[in-house]
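Inspection log for the structure reproduced underneath, given as structure tokens.
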Amino acid sequence: MWATISQAAGVFAVTNIDDIVILALFFGRAGSGHRTTARIVIGQYLGFAAILAISVLAASAPNYSHRS
């Protein structure tokens, strides 16, 4: 169990580092436009919420695998 938790934490950390790089590129291209910056922030939150919702649904779905 602890191996799974530590692996999940590691993957989460790595994807957050990747996310920071992508956001830096988006903000760099946005310049000083208030509307563009707001859209990037809103998109970040909506995307994270969607991924979280899908993960929760997948984790709570019953296991339909057949055991032999």
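Taking OG1 of Thr37 as the start and CD1 of Ile42 as the end, the distance is 11.0 Å to the nearest 0.5 Å.
Under a hydrophobic-cluster definition in which Ile, Leu, Val, Met, Phe, Trp and Tyr are linked whenever side-chain heavy atoms come within less than 4.5 Å, directly or via other members, Phe27 and Val21 are assigned to different clusters. Cluster annotation: Ile20 is not connected to Phe26 through the hydrophobic network of ILVMFWY side chains, with a link wherever side-chain heavy atoms come within less than 4.5 Å. Hydrophobic clustering of Ile, Leu, Val, Met, Phe, Trp and Tyr side chains at less than 4.5 Å, counting indirect connections, unites Leu23 with Val41.
Here side chain to side chain donor-acceptor pair (under 3.5 Å) pairs that include residues 4-13, with residues two or more places apart or in two chains, number zero. Listed by first and then second residue, the side chain to side chain donor-acceptor pair (under 3.5 Å) pairs that reach into residues 18-29 are Asp19-Gln44, sequence neighbours excluded.
Nearest heavy atoms, Thr15 versus Phe12: OG1-O, 2.9 Å.
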